[in-house]
Amino acid sequence: MTSPSPFVQPSAPPSPFTVDDYRARMARAAESAAEAGLAGVIVAPGPDLVHLTGYRPVSTERLTLLVLRAGHDPVLVVPTLEAPDAAAATGAPALTLRDWTDGKDPYAVTAPLLDAQGRFAVSDNAWAMHLLGLQRELPGTSYTALTEALPMLRAVKDAAELERLTAAGAAADATYEEILKVRFSGRREVDLATDLAALLREFGHSQVDFTVVGSGPNGANPHHEAGERTIERGDMVVLDFGGLKHGYGSDTSRTVHVGEPTAEEQRVHDIVREAQRAGCAAVRPGVACQEIDRAARAVITEFGYGDRFIHRTGHGIGVTTHEPPYMIEGEEQPLVPGMCFSVEPGIYIPGRFGVRIEDIVAVTEDGGRRLNTTARELAVVE
């Protein structure tokens, strides 16, 4: 695992994506669909549409769909009243807009753009009513989930995307460094969660997706929602937080202790830290995703806590904080330079405490680079 030089947050946002960036992404999606034996890709409002076009509409009952087919120009079907906003998107010059007015059938407008007997990959967050409307109009079509059919569509990041992910990771690191300065004991979990959210925004996040604060026995629940429990001296506290900065995600976890830890608590934390190190060290091009999980899990199992590591080792990150690829047994997808994902093993002892340590890692040409660089030792807080 190579160590990056400390990232200095820029005074200005990164350079915006260009129409050529979006044109290339749409072409790649259409080509990938054809290679997978599909007639094309249908994209509803959501992260896939943002990634492919730069257009970020609100998802409503009015149909908005991007249709991508190899050998055909990209077409975005939009309500007439939203057409000006769609036309203003950065990627709009690379596609054709087809609008429809209230009172007209949007599925009749969309149907000629599709192969009437084709099978299409559909973005996961498409509304059922819209997909069913297409099926009524074109009963010979069939559909599959985009992340199942084309899981690698957003997985490999280019240099501009890596710049944004690095900035998001640096902001999350700065948030962790600041949260160590506040008082933990005598405060509620929700108070710390509020602090984390405020700090993420202070360091440039436009969106906060989660602020897990699991104290004492609550730390044994990996996705514990911060609650009313008062944090006490002697508590382990799992912190897991992230969101979007410049449209790209952050996600990091550290575990701290209020006052000095017991020998057992320190030992469990040391095991997780070694597991996380092993998972990160296994990252290199060509290695199957499952090997990252195996490397981290082997350490925890060796020390007798295998049944207390109850989730996958990692998940991809990009325009969303959770996306393919996944670091889990059975995932044979080879790692490719530009992939970014979490490495976050944990040990959870019900009724007592939990420990998790998480960094985002980018695959390089010869290994991996952590995008989070804060200390992984067990921090003692007050």
Side-chain angles (χ1 to χ4, degrees), residues 16-60 62-101 104-127 130-131 133-134 137-138 141-158 160-161 247 318-320 323:
F17 295 124
T18 68
V19 63
D20 288 336
D21 293 325
Y22 293 117
R23 180 181 287 111
R25 291 175 187 178
M26 287 189 281
R28 187 165 59 246
E31 292 163 4
S32 297
E35 291 169 0
L38 297 169
V41 177
I42 298 173
V43 184
D48 291 313
L49 188 62
V50 174
H51 176 72
L52 292 165
T53 69
Y55 182 41
R56 192 188 298 270
V58 176
S59 183
T60 72
R62 290 187 172 97
L63 181 74
T64 295
L65 284 180
L66 173 68
V67 178
L68 302 175
R69 296 177 63 193
H72 297 73
D73 291 336
V75 180
L76 181 63
V77 178
V78 297
T80 300
L81 76 169
E82 297 175 10
D85 289 336
T90 303
L95 51 78
T96 299
L97 285 177
R98 189 75 56 83
D99 67 320
W100 61 276
T101 58
K104 302 296 184 181
D105 184 355
Y107 307 108
V109 173
T110 308
L113 306 174
L114 306 182
D115 178 346
Q117 303 299 318
R119 183 168 177 79
F120 291 84
V122 182
S123 54
D124 298 1
N125 53 331
W127 283 26
H130 295 150
L131 189 56
L134 287 177
E137 190 72 24
L138 295 172
T141 55
S142 60
Y143 305 90
T144 184
L146 182 57
T147 55
E148 290 183 4
L150 302 174
M152 292 291 289
L153 185 63
R154 302 195 322 246
V156 179
K157 277 64 180 181
D158 60 27
E161 291 179 296
V319 293
T320 58
E323 61 186 45

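Residues Val43 and Thr53 are not in side-chain contact: their nearest non-hydrogen atoms beyond the backbone lie 4.5 Å or more apart. Using a 4.5 Å cut-off on side-chain heavy atoms (C-beta onward), Pro57 and Leu49 make contact. Using a 4.5 Å heavy-atom cutoff, the side chains of Arg154 and Pro47 are in contact. Under the 4.5 Å side-chain criterion, counting only non-hydrogen atoms from C-beta, Leu153 is in contact with Leu146.
One N or O on the side chain of His72 and one on the backbone of Ala70 form a donor-acceptor pair closer than 3.5 Å. Between the Thr80 side chain and the Trp100 main chain, a donor and an acceptor come within less than 3.5 Å of each other. Side-chain atoms of Arg98 never come within 3.5 Å of backbone atoms of Val75 as a donor-acceptor pair (strictly under, hydrogens ignored). A distance-only check finds a donor-acceptor pair linking the side chain of Glu161 to the backbone of Asp158 [under 3.5 Å]. A donor-acceptor pair under 3.5 Å is formed between the side chain of Ser123 and the backbone N or O of Ala44.
Shown here is Asp73, whose CG atom has no more than 12 heavy atoms of other residues, nucleotides or ligands within 6.0 Å.
Nearest heavy-atom pair, Leu138 versus Ala116, reported as atom, atom and distance to 0.1 Å: CD2-CB, 4.0 Å. Of all the heavy atoms in Pro93 and Arg23, the pair that sits closest is O-NH2, 4.1 Å. Between Tyr55 and Val78, the shortest heavy-atom contact is CE2-CG1, 4.4 Å. Residue Ala33 comes nearest to Val41 through the heavy atom pair CB-CG2, 3.7 Å, listed as atom of the first residue, atom of the second, then distance. Residue Leu113 comes nearest to Val109 through the heavy atom pair CG-O, 4.2 Å, listed as atom of the first residue, atom of the second, then distance. Of all heavy-atom pairs between Leu150 and Ser32, the closest is CD2-O, 3.6 Å.
In this structure, the side chain to side chain contact (heavy atoms under 4.5 Å, CB included) partners of Val156, at least two apart in sequence or on a different chain, are Met152, Val336, Met339.
Taking CH2 of Trp127 as the reference point, atom OG1 of Thr60 lies at 6.0 Å (rounded to 0.5 Å). Residue Leu95 holds its CG atom at 10.0 Å from CG of Leu52, rounded to the nearest 0.5 Å. With rounding to the nearest 0.5 angstrom, the OG1 atom of Thr64 is 6.5 Å from the CG atom of Leu76. From Ile42, atom CD1 reaches atom CG of Leu131 across 7.5 Å, with rounding to the nearest 0.5 Å. Leu114 contributes atom CG, which lies 7.0 Å from atom CZ of Arg69 (distance to the nearest 0.5 angstrom). Annotation: the span from Thr110 atom OG1 to Asp105 atom CG amounts to 8.5 Å, rounded to 0.5 Å.
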Residue pair Thr144, Leu38: steps toward the side-chain contact (heavy atoms from CB on, under 4.5 Å) verdict: CA-CA 9 Å; Thr144 184; Leu38 297 169; 4.2 Å; yes
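Taking the six-membered ring where the residue is Trp, Tyr22 and Phe17 present perpendicular rings, their angle passing 60° and hence far from 30°.
Between Glu82 and Arg62, none of the side-chain N atoms (NZ, or NE/NH1/NH2) sits under 4.0 Å from a carboxylate O, so this pair counts as no salt bridge.
Side-chain contact of Asp124 with Thr147: a donor-acceptor pair under 3.5 Å is present, judged by distance alone.
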